[in-house]
Amino acid sequence: MAAVPRGSALVVGGSGGIGRAICRRLAQTWPSLLLTYRSRPEPALALCKELGSQCEVECSSLDLHSEAGVKALLEQGVARFGQIGTLVFAAGANILQPYVSQTTEQQWDDVIQTELVGFTRLVRAALPVFRRQQHGNFVAVVSFATYSFPPGDALSAVPKAGIEMLCRAVALEEGRYGVRANAVAPGIINAGLGAQFQQSLFSPKVWEEQRRRVPLRRFGEGEEIADAVAFLCSEESSYITGQTLIVDGGLGL
C-alpha cells in the first residue's frame with residue numbers, strides 16, 4: 001500500500017497548462033492542496049471548485065517578484081494545513097523564442113527574475129518550514145532543452161538550468177534535514193507554452209517534422225508530466241534526490 005502523503009501539496013503556477021494537470025493528479029493522492037496564480041483568478045478558482053470534492057483545496061495569488069509575498073504564502077500554507085509536504089514549481093514567464101542575438105536585456109531580466117530568482121525565493125522561504133518538519137521536498141518543472149538544445153530556446157533554457165543546479169545544491173546541503181529536491185524536464189508537450197507554440201510558431205509542416213523526430217512519434221500530454229511530478233512528490237521516490245527526470249518521449253536521444 002502506498003504511503004499517505006504528509007502535509008499539503010503546494011503548487012506554484014497551478015493555474016497554468018501543465019500546472020492544472022499537476023494539481024489534478026496530486027488531488028488524487030494528497031489530502032490538501034494549495035495552488036497559486038499570478039494575475040488571473042478565474043482559472044484558479046474554477047480548478048479549486050473542480051477539485052474540491054477530491055481534497056481540501058485553496059488558491060492564492062502570488063507575485064514571485066515579491067519576497068514578502070512568497071514568505072506570506074508559506075505562512076498561509078502552514079496556518080491552513082499544518083504542514084507542507086511538497087512544493088512544486090510549475091510557474092514560468094510567458095516567453096517568445098528569440099535567438100540569443102535578438103534577446104533583449106529586458107527579456108532576460110523578466111524571465112530570470114520570474115523563474116530563477118522566483119524559485120530561489122521559494123526555496124529560501126520553504127527551507128525553514130521543511131527543516132522544522134524534518135521532511136519536505138521540492139519538484140521543479142524545467143525543460144529538456146538543457147539536455148538537447150533547440151535553437152531559439154535559450155530564454156527558457158538558461159534560467160531553468162539554474163533551477164536544476166539549485167535543486168542539486170538543496171539536495172546535497174539539506175538532505176540531512178529530510179529535505180529532497182528534484183526536477184522534471186518536459187519535452188514538447190500539448191499543454192502550456194508547448195500548445196501555444198504549436199499554434200503560433202512555425203508551420204504545421206515544421207511541427208510534423210519535429211513529431212517524427214520523437215522516437216515515440218508523438219508529443220507528450222500534460223498528464224504525463226503530472227504523473228512524473230506526482231512520483232517525485234511521493235514517498236515512492238523517497239530515496240531519490242538531486243535528479244532530473246527527462247520526460248520527452250526520447251527526443252533528446
**By side chain to side chain contact (heavy atoms under 4.5 Å, CB included) - contacts of Leu245 (at least two apart)** = Ala228, Leu232, Val247
**Message:** Whether Glu208 and Arg212 form a salt bridge (side-chain N of Lys/Arg under 4.0 Å from carboxylate O of Asp/Glu) is what I want to check.
**Reply:** yes
**Message:** Checking Asp63 now: which residues fulfil salt bridge (charged side-chain N to carboxylate O under 4.0 Å, His left out) with it, not counting sequence neighbours?
**Reply:** none
**Item:** Pairs touching residues 78-102 that satisfy ring pair (Phe, Tyr, Trp, His ring centres under 6.0 Å), sequence neighbours left out
**Value:** Phe89-Phe119
**Asked** Do Leu127 and Tyr177 belong together in a cluster built from hydrophobic side chains that touch within less than 4.5 Å?
**Response** yes
Residues 7-20 side chain polar contacts: donor-acceptor under 3.5 Å, at least two apart:
from, atom 1, to, atom 2, distance (Å)
Ser8, OG, Ser32, O, 3.4
Arg20, NH1, Ser15, O, 2.7

**Prompt:** Is the backbone of Pro186 close enough, under 3.5 Å, to the side chain of Asp248 for a donor and an acceptor to pair up by distance?
**Reply:** no
**Prompt:** Donor-acceptor pair, Gln54 side chain versus Leu51 backbone, under 3.5 Å?
**Reply:** no
**Request:** For Gln243, check side-chain hydrogen bond (donor to acceptor under 3.5 Å, both in side chains) against everything at least two apart and list the hits.
**Result:** none
**Prompt:** Can Arg38 and Leu64 be said to form a side-chain contact (heavy atoms from CB on, under 4.5 Å), step by step?
**Reply:** CA-CA 8 Å; Arg38 181 175 181 179; Leu64 287 165; over 6 Å; no
**Request:** Looking only at non-hydrogen atoms, find the nearest pair between Ala90 and Ile22 and report the distance.
**Result:** CB-CD1, 4.1 Å
**Where at least one partner belongs to residues 130-144, residue pairs that pass salt bridge (charged side-chain N to carboxylate O under 4.0 Å, His left out), sequence neighbours excluded** = Arg131-Glu174
**Item:** For Ala157 against Thr146, the heavy-atom pair lying closest together
**Value:** O-CG2, 3.5 Å
**Asked** Do the side chains of Val57 and Leu45 join up, straight or via other hydrophobic residues, at under 4.5 Å, putting them in one cluster?
**Response** no
**Request:** Could you pull out all residues at least two apart from Arg80 that satisfy salt bridge (charged side-chain N to carboxylate O under 4.0 Å, His left out)?
**Result:** Glu56, Glu58
**Request:** List the steps and the verdict of side-chain contact (heavy atoms from CB on, under 4.5 Å) for Glu209 and Arg213.
**Result:** CA-CA 7 Å; Glu209 290 172 352; Arg213 289 185 55 229; 5.9 Å; no
**Request:** Answer yes or no: is there a side-chain heavy-atom contact under 4.5 Å between Thr120 and Leu166?
**Result:** yes
**Asked** Which residue pairs satisfy the ring pair (Phe, Tyr, Trp, His ring centres under 6.0 Å) criterion with at least one member in residues 26-51, sequence neighbours excluded?
**Response** none
**salt bridge (charged side-chain N to carboxylate O under 4.0 Å, His left out) contacts touching residues 102-121 (sequence neighbours left out)** = Glu115-Lys160
**Prompt:** What do the steps show when you test Val214 against Ile188 for side-chain contact (heavy atoms from CB on, under 4.5 Å), and what is the final call?
**Reply:** CA-CA 9 Å; Val214 181; Ile188 303 174; 5.5 Å; no
**Request:** Kindly give the heavy-atom pair with the smallest separation between Ala181 and Cys167, and that separation in Å.
**Result:** CB-O, 3.3 Å
**Message:** Considering only residues two or more places apart or on different chains, which pairs with a residue in residues 64-75 satisfy salt bridge (charged side-chain N to carboxylate O under 4.0 Å, His left out)?
**Reply:** Glu67-Arg124
**Message:** Show me the pairs that pass ring pair (Phe, Tyr, Trp, His ring centres under 6.0 Å) and involve residues 120-141, at least two apart or across chains.
**Reply:** Phe130-Phe138
**Asked** Taking only residues two or more places apart in sequence, or in another chain, which ones meet Glu50 in a salt bridge (charged side-chain N to carboxylate O under 4.0 Å, His left out)?
**Response** Arg24
